[in-house]
Amino acid sequence: MKVTLGILAHVDAGKTTLSEQLLYRCGVLRRCGRVDDGDACLDFTPVERSRGITVFTAGASFSHGSNDYFLLDTPGHGDFSPEMERCLAAMDWAVLLISAAGGFDAHTERLWRLLEARGIPTAVFLNKCDLPGADGDAVLADVARRTGAPLWDLRRGLTEAAREQAALTDDGALEAYLSGTLDDGGLWDAAARAAGRRQLIPVFAGSALQGDGVAELLDGLDRLCRTAYDAAGPAELLVCQIRRDRQGGRMALCKLLSGTLRPRETVAGEKVHELRRLLGARWEPLAEAAAGEVVAVTGLSSLQAGDRAGSGPTQRPPRPVPPLRVQVCADAPPARLLEAFRQLEDEEPSLSLRWSESRRQLQLAASGPLQLEILAQTAAERFGLDVTFGEPEVAYQETIAAPVRGCGHFEPLRHYAEVHLLLEPAPRGSGVTFASRCPTDDLALRWQRLIETHVLEKAHTGALTGSPLTDVRVTLLAGRAHEKHTEGGDFRQAVYRAIRQALFHAENVLLEPWYRFEAEAEPAAAGRIQTDVVRMGGVCNPPEHRGTAVHLTGRCPVAAMLPYRRDFAQWSRGRAVLELAPDGFEPCRDTAAVVAATGYDRTQDADNPADSIFCSHGAGHAVPWDEAPARMHLSVD
C-alpha cells in the first residue's frame, strides 16, 4: 500500500533526526545526517543548515514491509505553520514527536488539535527518552489528561493490556479475545481499523538520535497503515508545496489523489513536463506516478500551494492569514525587489504581498520575527538583495455585514466589459468565494470563468482602512461582452471596479487578528499575566496548577499582545514562558480609532478605483462610483 506519512513536532523535538533514521533504516541513506552538523539530507537549503531548523517541507520515499511510504518532513516552528498545515491535506498518517524530556508543550498540543480536526490517523513517538529528566509516563499522563485521547501504549511491545485495549475496539476481535482464539494477525487487523478511525493512538518510544525505538515504530506502522487509492480513475492531484530546483526551475510537490500521471499529459490546462521522485535536494525522473504517490511536477506554472486540480475546475482553499504586516525596505530597483518577492510569495502564499504603485511601497504578511529573519537571509542568498523590514503592524482585514450590489463598466476606446455582482457576508475564515447566477445564454461560460479568476486572483482592498477583503461570497448576476472589442483584461478592470463600488455602498466591518496564548509561570507572575490579559481585552481560562507552576491559556487581540510581548521577558525575568499562535479574526473593538490612525482615504486610492469608465465622443472617461449605476448598459432585477 502507498502511505503518505507526515512527521510533525515542535522545533528541536528531533523530527528531522527521526526522518533521517527512517530513511537510513530502510536503505535509502548510507548514513544518518545530523542537524547539528549541518549535513542532514532533508534540511538541505543553506538557511536550514546554517540555523539548524527545518524551514521548508522536504520529501523522500522509502519502503518497509508491505508499504511504500512518501515522507513529508514538515517545519516545526510556529512561524512556518502555513506550509505545515497545507501538507496535512496530503497525509494518510502522521507521526507526532513529543519530547519525553520537554513534555507536551503548547505548540505540540496545537499540532495534536490540527490532526484531530482533520481526522488524520496518528502515532506518537516519545523521543529523547535517553536524556536526564525524561519521564515518558508523566508525559503520556499529561497528554491523556489534556486531550482525552485513547493512547495505545506499545512502548513495551504487545503486552496483555495492549491486546485487551485493541480487542475492545472491535466486536469480532473482542469475542475471539475472550474465547482465547485471537491471534496476533487478527489483533493487528482490528487495531489497524481502530487506528484509522483514531480510536487508538499507538505510542512508541525511543531516541531518534541513537536510533532506539525506530525499528519498532517502522514495524508498527507497517501493521497499522492501510490505504486504498484508485489508479484507474481520472488524475487528480493536491499541490503541497512550490519550490525551485538548483537551476531555478519551478517544481510543484504534489500528492496524486487518484489516477495515473505521465509527462506530457495535461493538468488544469497545462502540460506536465517532468515527474520527479525527491530525496531532499536530489531527484530522479519518473516515467509515471500512480494514485497515492508524492512527486514533484514541472510545467504547472499556474497552480499554487494548496490547490486541488484535475479534470474539473481547480479548487483553491482559503489561505491562512498571518497576524502581522511589515514594509519591505531595500536599496534596489522596485521592479527587481518585486520580482524576487513574487517568487518567494509563489513558494509561501501566506506572504500576501501588497504593492502600492502610487507609493512605490511593498508590504507582506508575516507570522513572526523568525520568519522575517529567514526571508532576509533567503533574499540575500538567492537574489543578492540586502533587505530589512519595518516595524511589524497589526494585519487587519475587512468584511461586510449585509448583502450589497456592485457594478463595474470598462469601456475605453475599442475595449468593453460590464459586470454586476452581489456581495454577501460569508462564514469567518472562508475567504472570498465565487458563484454565478448569470445564464450562459447571456454571457458565455468562458467569460464567466474569466470573471471568477479575476474575483479570486487578488486580495481586494477594503473601504475602511485599505485592508484585504475576506469572508465574502461574490455572485455574478449579469455581465456583457462585445463581439469584437472585449479582451480578458477588460473584465479584470470591470470586476475590480464592481467589487470596489459595492464596498463603497456596503456596511463595512473591520476585523482584527487574535492570538491564542499559553503561559507557564510562578504563581506571582501568573497572577500578573491574568490581570494583564483582562486589561488588554482578552480572555483567560481558569488556571491549572502543575506542581509549583501555574498553567494559563486563553485568547487576546494581537494589537494589545504585540507590545506586551516585547516587555514580557524583561519583567518576568525568567519566571514565566509565553507562547503565542494566530487564532483567527474577530470584529475590531475600536474601529473608529483604527480607521483614524490609518488615515486611509478610499477616494484617493489610485491603485483601487471604484469609478467606471465609459466611452463618449470616441474616448473613455471616468464616471464617479455613485453616478455609475445609472449609466450601466444592463438592467438587473
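E270 and L303 get closest at one heavy-atom pair: OE1-N, 4.3 Å.
Under 3.5 Å, the side chains of T122 and R198 contain a donor-acceptor pair of N or O atoms. Side-chain N/O atoms of K271 and T266 include no donor and acceptor closer than 3.5 Å. T260 and E288 are not linked by any side-chain donor-acceptor pair at a separation below 3.5 angstrom, with hydrogens and angles left out of the test. Between the side chains of T45 and E381, no donor N or O sits under 3.5 Å from an acceptor N or O. A donor-acceptor pair shorter than 3.5 Å can be found between the side chains of Q377 and R51. Side-chain polar atoms of D222 and H64 form no donor-acceptor pair below 3.5 angstrom.
In this structure the side chain of T475 never reaches within 4.5 angstrom of the side chain of L423, judged on heavy atoms. Put simply, the side chain of R497 reaches to within 4.5 Å of the side chain of P609, judged on heavy atoms.
Checking R250, R276, R282 one by one against D245, the salt bridge (charged side-chain N to carboxylate O under 4.0 Å, His left out) holds for a single residue, R276. Tested against T57 for a side chain to side chain donor-acceptor pair (under 3.5 Å), the candidates E83, Q241, R86 yield a single pass: E83. None of L71, T54, T16 except one satisfies the side-chain contact (heavy atoms from CB on, under 4.5 Å) rule with I7; the exception is L71.
With respect to the salt-bridge test (charged N to carboxylate O, under 4.0 angstrom), the residues D346 and R243 do not qualify. Using a 4.0 Å cut-off between a side-chain N of Lys or Arg and a carboxylate O of Asp or Glu, E293 and R277 qualify as a salt bridge. The pair E347-R382 meets the salt-bridge criterion, with a side-chain N (NZ, NE, NH1 or NH2) lying under 4.0 Å from an Asp/Glu carboxylate O. In this structure, E457 pairs ionically with R492, as a charged nitrogen and a carboxylate oxygen lie closer than 4.0 Å.
The number of heavy-atom neighbours closer than 6.0 Å to CD of E393, taken from other residues, nucleotides and ligands shown, is 12 or below. In this structure, F383 places its CZ atom where more than 12 heavy-atom neighbours from other residues, nucleotides or ligands lie under 6.0 Å away. More than 12 heavy atoms of other shown residues, nucleotides or ligands fall within 6.0 angstrom of atom CZ in R113. Annotation for R264: atom CZ does not count as buried by contact number, only 12 or fewer foreign heavy atoms lying within 6.0 Å. Around atom CG of D230, more than 12 heavy atoms belonging to other residues, nucleotides or ligands sit under 6.0 Å away.
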Would you check, one step at a time, whether the test salt bridge (charged side-chain N to carboxylate O under 4.0 Å, His left out) holds for R342 with E345? CA-CA 5 Å; R342 285 293 184 204; E345 183 190 37; 3.1 Å; yes
Is there a salt bridge (charged side-chain N to carboxylate O under 4.0 Å, His left out) between E265 and R262? Walk through the geometry before answering. CA-CA 6 Å; E265 292 184 346; R262 300 176 182 85; 3.4 Å; yes
Test side chain to side chain donor-acceptor pair (under 3.5 Å) on E418 and H420; report intermediate values, then the result. CA-CA 7 Å; E418 181 172 306; H420 293 252; 2.9 Å; yes
Pair D92-K2, salt bridge (charged side-chain N to carboxylate O under 4.0 Å, His left out): steps then yes or no: CA-CA 9 Å; D92 298 309; K2 295 179 172 62; over 6 Å; no
May I have the step-by-step check of salt bridge (charged side-chain N to carboxylate O under 4.0 Å, His left out) for K15 and D43, ending in yes or no? CA-CA 11 Å; K15 173 175 46 58; D43 281 350; over 6 Å; no
CA sep, side-chain torsions, deciding dist, call: L450, H454, side chain to side chain contact (heavy atoms under 4.5 Å, CB included): CA-CA 6 Å; L450 187 62; H454 296 323; 3.5 Å; yes
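Stacking of K458 on the aromatic ring of Y496 is recorded, both the 6.0 Å distance cut-off and the 45° axial limit being met.
Relative ring orientation between W447 and F491 is described as tilted, the plane-to-plane angle lying within the 30° to 60° band.
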Donor-acceptor pairs are to be reported for all side-chain atoms of residues 424-433 against protein atoms at under 3.5 Å, with residues two or more places apart or in another chain.
| unit_1 | atom_1 | unit_2 | atom_2 | d |
| --- | --- | --- | --- | --- |
| R428 | NH1 | D471 | OD2 | 3.4 |
| S430 | OG | P427 | O | 2.6 |

Solution key, residues 479-489 side-chain donor-acceptor pairs under 3.5 Å, sequence neighbours excluded:
| unit_1 | atom_1 | unit_2 | atom_2 | d |
| --- | --- | --- | --- | --- |
| H482 | ND1 | K484 | N | 3.0 |
| H482 | ND1 | H485 | N | 3.2 |
| T486 | OG1 | Y416 | O | 2.7 |
| T486 | OG1 | H482 | N | 2.6 |
| T486 | OG1 | H482 | O | 3.4 |

